[in-house]
There are 2 protein chains.
Amino acid sequence: MRKANTKRRSGCPLNASVEMLGDRWSLLVIRDMMLLGRRTFKEFLGSYERPATNVLADRLRRLAAYGIIRTERDPTDGRKLIYQLTPKGIDLAPVLTELVLWAGRHEKTENRALIRLMQKDKEKFLAQIRQRCEQPRK
Amino acid sequence: MRKANTKRRSGCPLNASVEMLGDRWSLLVIRDMMLLGRRTFKEFLGSYERPATNVLADRLRRLAAYGIIRTERDPTDGRKLIYQLTPKGIDLAPVLTELVLWAGRHEKTENRALIRLMQKDKEKFLAQIRQRCEQPRK
DNA sequence: ATGTTCACTTGCGTTTTGCAAGCGACTTGT
DNA sequence: ACAAGTCGCTTGCAAAACGCAAGTGAACAT
């Protein structure tokens with residue numbers, strides 16, 4: 001039983017975002033979909049940070065309940081579910097970008113190439129993500 | 001005993017951000033400092049979302065350990081501590097802004113005036129925040 | 001028919017959270 | 001000087017969330 005309509009703590013827009021995304025896994029799942037093109041439960045499990053299966057299942061359920069991702073069966077393999085970002089999910093790209101840029105400025109991290117790409121032309125980068133995510137995959 | 005140097009789950013810059021900020025309270029504290037000018041424990045307790053005292057104390061400790069905020073005694077009242085954003089903390093303004101704009105686009109929220117202000121001229125808004133936070137208060 | 005893959009669920013011990021109460025240092029009022 | 005706040009916490013405890021390992025059922029592969 002899910003509870004998408006639990007009352008919010010406040011009407012502040014930042015609080016709304018934090019209640020939907022403020023945990024240690026949700027944004028990483030979105031990153032995997034947005035930047036790495038991952039789409040299945042198995043693929044998300046394989047991320048560097050290695051979520052537990054029950055937590056991953058819960059996060060996917062929550063993100064779907066919030067309308068950030070949506071699910072469909074793989075037509076070529078009935079066992080697989082394919083998770084995709086909705087427009088609302090794709091629209092998180094600027095948030096992801098700013099979080100990456102902030103960490104890039106203030107922390108020692110890997111993947112400097114990605115950070116440089118974002119810095120060089122942020123709008124172009126965002127446009128590429130939108131284009132890549134919005135059209136159905138071949 | 002605090003543990004600022006616990007090993008990260010991965011070197012990904014997004015993961016670094018999520019490990020520092022990915023919970024239900026940290027960004028709200030930063031919002032209160034950045035947008036509402038709050039500076040003391042008591043003031044943070046008075047936010048709409050009403051954090052528990054132990055959680056608030058923990059979050060302030062963590063944010064300080066990460067260098068996002070810093071603490072000093074109030075010279076006019078020895079009981080009070082004044083919490084302020086460091087440059088690293090002020091630099092979270094674009095992240096806050098994108099989170100607010102995203103929620104504003106996709107959720108029913110209050111404070112539409114703030115959202116409109118951010119939409120109208122994002123750079124101007126960010127410049128104002130930087131200016132307001134960087135100079136010591138009178 | 002048998003074994004494997006996939007997307008989970010279940011059980012269980014540990015950690016984090018939320019709530020209420022308390023505490024010590026400092027300040028205010030008399 | 002002294003009692004009564006105020007401030008920034010800490011402590012105790014119950015409930016929820018998390019991490020890990022194992023298991024389950026449906027769908028494929030051979």
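Here is the naming used below: chain letters follow the sequence lines, and residue numbers restart at 1 for every chain.
Using a 4.0 Å cut-off, some side-chain N or O of R61(A) falls inside it from OP1 or OP2 of dT9(C). In terms of phosphate contacts, W25(A) brings a side-chain nitrogen or oxygen within less than 4.0 Å of OP1 or OP2 of dG19(D). For dA29(D), neither phosphate oxygen OP1 nor OP2 lies less than 4.0 angstrom from any side-chain nitrogen or oxygen of R79(A).
Contact detail for L21(A) and S26(A): the closest heavy-atom pair is O-CB, 4.2 Å.
Nearest-nucleotide positions on DNA chain C place A57(A) closer to the 5' end than the other of A57(A) and D58(B). Of the residues near DNA chain D, P75(A) and D77(B), the one whose nearest nucleotide (by heavy atom distance) lies more toward the 5' end is D77(B). Along DNA chain D, the nucleotide nearest to R59(A) and the one nearest to R73(B) differ in position, and the one closer to the 5' end is contacted by R73(B).
Annotation: the span from C12(B) atom SG to R31(A) atom CZ amounts to 4.0 Å, rounded to 0.5 Å. The CG atom of D74(B) sits 4.0 Å away from atom CD1 of I82(B), with the distance rounded to the nearest 0.5 Å. Taking OG1 of T97(B) as the reference point, atom CG of L126(B) lies at 4.5 Å (rounded to 0.5 Å).
To the nearest angstrom, P of dG8(D) lies 13 Å from CZ of R38(B). Atom pair D74(A):CG and dA26(D):C1' shows a separation of 15 Å (rounding to whole Å applied). Straight-line distance from the CG atom of L81(A) to the P atom of dA27(D): 12 Å, rounded to whole Å. Computed from coordinates, the L56(B) CG to dT10(D) P distance equals 11 Å when rounded to whole Å. Atom pair K80(B):NZ and dG5(D):P shows a separation of 18 Å (rounding to whole Å applied). Note: CZ (F41(A)) to P (dA27(D)) measures 18 Å, nearest angstrom. In this structure, L28(B) atom CG and dT17(C) atom P are separated by 13 Å, rounded to whole Å. Distance NZ (K42(A)) to C1' (dA27(D)): 15 Å, rounded to an integer number of Å.
Ion pairing between R8(B) and E107(A) holds under the 4.0 Å rule for side-chain N and carboxylate O. With salt bridges taken as basic N to acidic carboxylate O contacts below 4.0 Å, none links R62(A) and E19(A). Under 4.0 Å is where a charged nitrogen must lie from a carboxylate oxygen, and between E72(B) and R39(B) no such pair does.
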What protein N or O atoms touch nucleotides 10-14 of chain C N or O atoms at under 3.5 angstrom, if any, and at what distances?
none

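Side chain of T40(A), nearest nucleotide from dG19(D), dG18(C), dA7(C): dA7(C).
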